[in-house]
Amino acid sequence: MRILALGDVIGPAAVEYLTANLNAWRKQYSIDFTAVNAENASFLAGISPDAAQRLLAAGADVLTGGNHTMQTRTVFPMLDGDSRILRPINFPAEVPGYGSSVLTSAAGVRVLVINAMGNAFIEPVLDNPFPYIERALAREKGNYDVAMLDFHAEATGEKLAVAHAFDGRLSAMWGTHTHVPTADAQVLPRGTGYVTDLGATAPTGGILGVRADIICERFRRKIPVPYKPAEGPVRAEGAVFDIDEKTGACRSVTRVSL
Ligand SMILES: [Fe+2]
């Protein structure tokens with residue numbers, strides 16, 4: 001099976017872009033399952049129910065989250081009621097929503113999707129993600145054919161540590177959150193397809209999806225300036241994982257910039 005994973009969707013223009021193009025890309029790359037990190041779909045303020053509905057209707061099979069997911073409270077009922085929308089699994093248990101779910105691809109492959117958040121240089125500082133990922137794999141044992149993980153984290157070393165710790169037990173793992181794609185797409189020794197960060201689905205020309213002059217002003221003068229979305233054409237960064245669904249091993253990982 002072929003999985004398309006796309007990096008952090010930032011703002012309405014990026015939602016619009018996926019709505020217009022995602023189904024065509026699915027056909028072009030013979031994609032069976034699409035995972036989209038959507039924690040910033042409402043531009044650095046989480047994901048609204050409307051944005052979530054639009055991304056799912058556009059062809060996303062699962063929407064993963066991160067440190068911004070819980071900022072829009074109107075999405076809480078959807079987090080509890082729709083297993084296609086995840087928030088990091090290592091949030092406190094009383095927080096709405098779930099951090100993993102088993103979904104079925106159009107071809108009938110059972111896909112366990114896990115979403116977890118790192119601890120280094122990112123807030124809120126959640127519980128250690130390792131035991132949560134371990135427990136999700138154990139809990140769903142026998143219920144899935146392939147497992148994948150969106151690890152939302154800042155530090156490259158932490159992402160690589162999780163990848164090597166779970167190598168061979170995940171078919172695919174990718175990092176999100178930095179909004180900058182990394183050039184290290186690879187199949188790890190025991191068969192997990194991996195890339196440290198997918199990048200973002202965002203307007204180009206700014207800084208991590210935000211208008212460049214605003215970020216420069218914040219760094220230069222150290223005074224708060226409200227964020228506004230970058231302008232310019234949108235680009236979607238991500239990766240395609242080619243997976244043998246019989247063994248769960250990844251055959252290849254290819255970066256895409258769409
Ligand atoms: Fe994030």
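Numbering of ligands and ligand atoms starts at 1, following listing order.
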> Salt bridge check: are Lys159 and Glu154 linked by an N-O gap of less than 4.0 Å?
Replying inline: no

> What atom name does the N, O or S atom of His152 nearest to the Fe ion (ligand 1) carry?
Replying inline: NE2

> How is the N/O/S atom of Glu39 that comes nearest to the Fe ion (ligand 1) named?
Replying inline: OE2

> Can a salt bridge be assigned to the pair Arg2 and Glu245 using a cut-off of 4.0 Å between side-chain N and carboxylate O?
Replying inline: no

> Which single N/O/S atom of His177 lies at minimum distance from the Fe ion (ligand 1)?
Replying inline: ND1

>> Is there a side chain to side chain donor-acceptor pair (under 3.5 Å) between Ser101 and Arg84? Walk through the geometry before answering.
In response: CA-CA 7 Å; Ser101 62; Arg84 298 171 299 172; over 6 Å; no

>> In the structure I gave you, are the side-chain heavy atoms of Val109 and Phe33 within less than 4.5 Å of one another anywhere?
In response: no

>> Could you walk me through whether Asn67 and His152 satisfy the side chain to side chain donor-acceptor pair (under 3.5 Å) test, starting with their C-alpha distance in whole Å, then the side-chain angles of each, then the deciding distance to 0.1 Å, before giving a yes or no?
In response: CA-CA 8 Å; Asn67 52 311; His152 197 78; 3.0 Å; yes

>> I'd like to know: is the Fe ion (ligand 1) within the 2.8 Å range of an N/O/S atom from Thr176, strictly under that distance?
In response: no

>> Just checking: Asp8, one of its N/O/S atoms, less than 2.8 Å away from the Fe ion (ligand 1), yes or no?
In response: no

